[in-house]
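Following: one structure in structure tokens, then a few remarks.
Residue numbers start from 1 in every chain, and the chains themselves are labelled A, B, ... in the order their sequence lines are given, proteins ahead of strands. Heavy atoms only: backbone and side chains are in, while hydrogens, waters and symmetry mates are out.
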There are 2 protein chains.
Amino acid sequence: MDYPRLRIRIVFGHAEMIGPGKAELLQRIAQTGSIAAAGREMGMSYRRAWELVGTLNAMFRDPLVDSTRGGPGGGGAVLTDAGQKVLGLYRAFEQDVATAGAARLEALQAFRRDIPREK
Amino acid sequence: MDYPRLRIRIVFGHAEMIGPGKAELLQRIAQTGSIAAAGREMGMSYRRAWELVGTLNAMFRDPLVDSTRGGPGGGGAVLTDAGQKVLGLYRAFEQDVATAGAARLEALQAFRRDIPREK
DNA sequence: TGATGATATGTTTGCTGAAACATATCGACA
DNA sequence: TGTCGATATGTTTCAGCAAACATATCATCA
């Protein structure tokens, strides 16, 4: 982990938003094929991962994650087309924003206290 | 409140960051001249407001808020030069980011569910 | 004395972690 | 060929606990 870094959340409504957490969860679901495995990798409880997926699926017109129970391996989860596109757009958004804010960020950091070592 | 909007946090270290909450607190301290009044306006307990100011002052080389006890009116708090500059840079950063991300944001919103009415 | 900053304390909320249950496929075995 | 158990994951519930909160109290200074 290198600092400083940005955490940007896009707030669509009172309880509807997407940020670094949900984006990483989507990405790890795509990689692992499992909601539980993705949540474990991020150190969150399965309940939390499952609730986040439910929120994401309810936020958009089409579900972003498709999960199956039973089946080969006992079950699994995959990103839908909409899920892949939303994740891609969010990553592109992050890139655009980081580039645009670099100058201000450096100016802010000039005010920071010098830290000996950061883990 | 109009949606969508962005919530941006700049993370400098493990527990050192600045986001919408601390920025608004700084702004209200500048307007009211009181940590307690600024906190009240934001619906937070005085303890929380006081802790946030402490975190901010510890994050930067120079304190952002200068508080006096006693005196005319019992005491008060003002933004230092560093405080004014940091707040200004954060607001400018927000502007830059919103402009740079507008196109991606619109693309993302095309995937959203149509909401009848948002409060 | 009055207004505010600083500090201490009791309460509540939210989250986590574990456990129980549901579901569906594969492989073993008679 | 057919049935049953093993297996791995998704779904749901619940008690325990740590973090955050509001409230109350003390300190300070004109």
Side-chain angles (χ1 to χ4, degrees), chain A residues 7 9 11 14-22 24-59 62-80 82-83, chain B residues 7 9 11 13-59 62-80 82-83:
Chain A
R7 292 179 56 89
R9 288 198 294 186
V11 182
H14 178 55
E16 296 162 309
M17 54 190 77
I18 183 170
K22 292 204 188 84
E24 183 179 349
L25 186 64
L26 285 177
Q27 193 160 344
R28 290 188 185 275
I29 288 172
Q31 290 169 354
T32 63
S34 159
I35 296 175
R40 273 197 302 274
E41 288 183 356
M42 295 177 65
M44 71 174 65
S45 66
Y46 174 72
R47 177 196 176 89
R48 177 156 184 75
W50 173 71
E51 283 177 347
L52 290 178
V53 168
T55 301
L56 281 169
N57 282 343
M59 272 174 57
D62 304 313
L64 305 191
V65 175
D66 188 22
S67 66
T68 60
R69 304 201 295 184
V78 297
L79 256 56
T80 63
Chain B
R7 291 179 55 86
R9 285 199 297 185
V11 182
H14 178 55
E16 297 162 308
M17 56 191 75
I18 183 170
K22 292 203 189 83
E24 182 180 350
L25 186 64
L26 284 178
Q27 194 160 345
R28 290 188 185 275
I29 287 172
Q31 290 169 353
T32 63
S34 160
I35 295 174
R40 273 196 302 274
E41 287 184 357
M42 294 178 64
M44 71 175 65
S45 65
Y46 174 73
R47 178 197 175 94
R48 177 155 183 77
W50 174 69
E51 284 176 347
L52 291 178
V53 169
T55 301
L56 281 169
N57 282 343
M59 274 174 56
D62 304 312
L64 305 190
V65 175
D66 188 22
S67 65
T68 61
R69 304 198 296 184
V78 296
L79 257 53
T80 63

Length of the OH-P vector between B/Y46 and C/dT9, whole Å
18 Å
A/M17 backbone acceptor or donor facing A/K22 side chain under 3.5 Å:
yes
Taking side chain to side chain donor-acceptor pair (under 3.5 Å) as the definition, give me every residue that meets it alongside B/R48, ordered by chain and number, with sequence neighbours left out.
none
At under 4.0 Å between heavy atoms, how does the protein contact nucleotides 11-27 of chain C? Give one character per nucleotide, 5' to 3', with B, S or -.
-----B-----SBBS--
For A/R47, enumerate each residue passing the side chain to side chain donor-acceptor pair (under 3.5 Å) test, keeping only those at least two apart in sequence or located in another chain.
A/E51
Partners of B/R40 by side-chain contact (heavy atoms from CB on, under 4.5 Å), sequence neighbours excluded?
B/A36, B/A37
Once you round it to whole Å, what is the distance between C1' of D/dG10 and CG of A/L52?
16 Å
Report yes if at least one side-chain N or O of A/S67 is closer than 4.0 Å to OP1 or OP2 of D/dT11; otherwise report no.
yes
Euclidean distance, atom CG of residue A/N57 to atom P of D/dG10 [Å, nearest integer]:
13 Å
Kindly write out the residues that satisfy side chain to side chain donor-acceptor pair (under 3.5 Å) with A/R9, not counting sequence neighbours, or none if the list is empty.
none
Kindly write out the residues that satisfy side-chain contact (heavy atoms from CB on, under 4.5 Å) with A/T80, not counting sequence neighbours, or none if the list is empty.
A/D66, A/A82
Any A/W50 side-chain N or O less than 4.0 Å from OP1/OP2 of D/dG10:
no
Could you list the residues that satisfy side chain to side chain donor-acceptor pair (under 3.5 Å) with A/Q31, not counting sequence neighbours?
none
Looking at residues 26-38 of chain A, who's got a heavy atom less than 4.0 Å off DNA chain C?
none
Taking only residues two or more places apart in sequence, or in another chain, which ones meet A/A49 in a side-chain contact (heavy atoms from CB on, under 4.5 Å)?
A/L25, A/I35, A/M44
